[in-house]
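Everything below concerns the one structure shown next.
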Amino acid sequence: MARWAIAIHGGAGVDPNLPEHRQEEAKRVLARCLQVGVDLLRAGATALDVVEAVVRELETDPCFNSGRGSALTRAGTVEMEASIMDGRGRRCGAVSGVSTVKNPVSLARRVMDKSPHSYLAFDGAEDFAREQGLEVVDNSYFITEENVGMLKLAKEANSILFDYRIPLAGADTCSALAAASENHNSNGMVMNGLPISIYAPETVGCAVVDSNGFTAAATSTGGLMNKMTGRIGDSPLIGAGTYACGHCAVSCTGEGEAIIRSTLARDVAAVMEYKGLPLQEAVDFCVKERLDEGFAGLIAVSGTGEVAYGFNCTGMFRGCATEDGFMEVGIWE
């Protein structure tokens with residue numbers, strides 16, 4: 001029997017001045033969702049079932065940018081995306097442009113299990129969800145008052161928001177947003193080669209190896225605050241935001257365009273396979289050498305029960321647990 005292990009994340013790129021109560025709220029959600037996965041693994045659940053269940057929990061809680069609480073497009077709507085991958089045979093499913101499906105990760109799994117395809121988007125994905133009897137809700141279900149306010153600020157600043165969870169209410173809101181934008185631009189942040197103000201990386205994800213040594217990974221997001229309608233990031237792209245095979249399972253978060261260019265999730269598996277690196281060294285190598293000027297982070301588990309994470313930005317919401325009793329939830333280094 002292999003050792004099981006689980007890792008989860010709630011996004012990379014955390015404002016260092018995030019209020020303490022916001023930090024504690026995020027850690028409580030991470031701890032609760034992590035415990036869901038631990039309980040399932042202890043009960044003998046498969047890695048695939050665990051990653052779906054954990055990401056569903058993260059999508060249902062508005063704390064992070066997935067499902068309810070997703071970032072808003074320029075039009076003030078929600079367009080969500082998700083993917084799931086089974087390390088056994090490298091089966092996968094993904095969806096983009098989902099606007100009414102309560103749990104996009106479950107739709108991604110249905111695409112994998114119940115369709116002849118790997119990826120469905122927009123109306124096709126919505127139609128398939130209804131054919132499969134998945135729960136659908138009005139788009140307004142996903143929209144929070146906080147995100148409506150932050151979209152307004154983003155439009156006023158002509159910006160894509162980096163950490164839209166930062167409370168900026170009050171007379172100095174616009175000046176604070178401008179200062180945040182200036183600070184990030186001074187760090188040379190770019191998206192797809194173009195300078196940007198601030199972007200929103202609070203994607204959620206889970207990577208698991210079960211007691212049979214099978215791996216799986218899932219990732220879900222609402223994307224960028226104030227993004228163009230129709231924009232697709234790394235989260236639904238197999239090999240970029242999500243990957244699972246016999247060596248490892250990986251879920252990424254951060255600047256989607258950089259993750260796509262570097263095929264970051266697949267690269268972790270590739271350097272393990274072709275360079276013979278252990279999991280943490282593979283993660284460190286990819287974060288350091290493959291992102292170019294991009295900012296991102298990732299979580300990973302190996303087929304032998306190791307857990308690892310890495311990021312090159314300020315903080316990553318994350319948690320992990322292993323069969324030997326180790327459990328950790330953190331944000332900073």
Side-chain angles (χ1 to χ4, degrees), residues 9-33 55-82 98-104 137-181 183-184 196-205 220-229 231 233 235 253-254 256 313-318 331:
H9 71 75
V14 185
D15 187 86
N17 298 314
L18 189 67
E20 188 68 27
H21 75 276
R22 290 298 187 98
Q23 295 182 40
E24 292 305 313
E25 177 190 11
K27 287 193 286 188
R28 283 194 299 271
V29 173
L30 289 170
R32 178 176 58 79
C33 294
V55 173
R56 281 177 61 93
E57 288 290 323
L58 289 162
E59 287 175 339
T60 303
D61 194 296
C63 183
F64 296 115
N65 175 18
S66 65
R68 185 165 181 264
S70 284
L72 306 182
T73 67
R74 288 181 183 177
T77 59
V78 166
E79 292 181 355
M80 301 167 289
E81 49 197 26
V98 174
S99 59
T100 67
V101 180
K102 188 174 182 180
N103 290 108
V137 293
D138 189 80
N139 194 250
S140 61
Y141 162 84
F142 304 102
I143 299 173
T144 64
E145 183 178 350
E146 181 179 42
N147 285 354
V148 170
M150 293 310 292
L151 177 63
K152 180 175 183 292
L153 294 178
K155 288 183 174 182
E156 290 172 355
N158 192 27
S159 168
I160 294 173
L161 287 185
F162 171 72
D163 191 341
Y164 62 91
R165 304 291 180 180
I166 302 171
L168 295 172
D172 295 328
T173 293
C174 290
S175 61
L177 182 56
S181 172
N183 177 60
H184 284 289
I196 64 168
S197 295
I198 41 185
Y199 71 100
E202 289 186 4
T203 298
V204 304
S220 180
T221 190
L224 309 178
M225 181 68 77
N226 199 29
K227 68 183 179 181
M228 296 173 64
T229 56
R231 182 262 184 184
S235 296
T253 173
C313 44
T314 305
M316 180 170 72
F317 297 106
R318 64 189 187 276
I331 301 175

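Here, residue 1 is the first one in the sequence, and each next residue gets the next number.
- Side-chain contact between L30 and F64 is present, with heavy atoms from C-beta onward closer than 4.5 Å.
- Between R56 and E59 no salt bridge is recorded (no basic side-chain N to carboxylate O distance below 4.0 Å).
- Expressed to the nearest 0.5 Å, how far OG1 of T144 lies from CZ of R68 amounts to 7.5 Å.
- No side-chain donor-acceptor contact under 3.5 Å links N103 to the backbone of T60.
- To the nearest 0.5 Å, atoms CG (L18) and CZ (F317) are separated by 5.5 Å.
- In terms of heavy atoms, A75 sits closest to T229 at CB-CG2, 4.0 Å.
- Checking T221 against T203 by side-chain atom types alone, a donor-acceptor pair falls below 3.5 Å.
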Go through the steps to decide whether L72 and M225 satisfy the test side chain to side chain contact (heavy atoms under 4.5 Å, CB included), and finish with yes or no. CA-CA 5 Å; L72 306 182; M225 181 68 77; 4.0 Å; yes

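- Nearest heavy-atom pair across G13 and C313 is N-SG, 3.5 Å.
- Here the shortest heavy-atom pairing between C63 and V29 reads CB-CG2, 3.9 Å.
- Between N226 and L151 there is a side-chain heavy-atom pair separated by less than 4.5 Å.
- In this structure, S70 OG and Y141 OH are separated by 10.0 Å, a value rounded to the nearest 0.5 Å.
- E24 has its side chain out of reach of H21: every pair of non-hydrogen atoms, C-beta onward, lies at least 4.5 Å apart.
- What you find for Q23 and I331 is that their closest heavy atoms are CB-CD1, 3.8 Å.
- Contact detail for A71 and G223: the closest heavy-atom pair is CB-O, 3.5 Å.
- Salt bridge status for E146 with R22: present, with a side-chain N to carboxylate O gap under 4.0 Å.
- Rounded to the nearest 0.5 Å, atoms OG1 (T253) and CE (M316) are 7.5 Å apart.
- At a cut-off of 3.5 Å, with distance as the only test, no side-chain donor of T73 or E79 sits close to an acceptor on the other residue.
- Taken from OG in S99 to CE in M80, the straight-line distance is 6.5 Å, to the nearest 0.5 Å.
- For E145, the CD atom is loosely surrounded, since the number of other residues' heavy atoms within 6.0 Å does not exceed 12.
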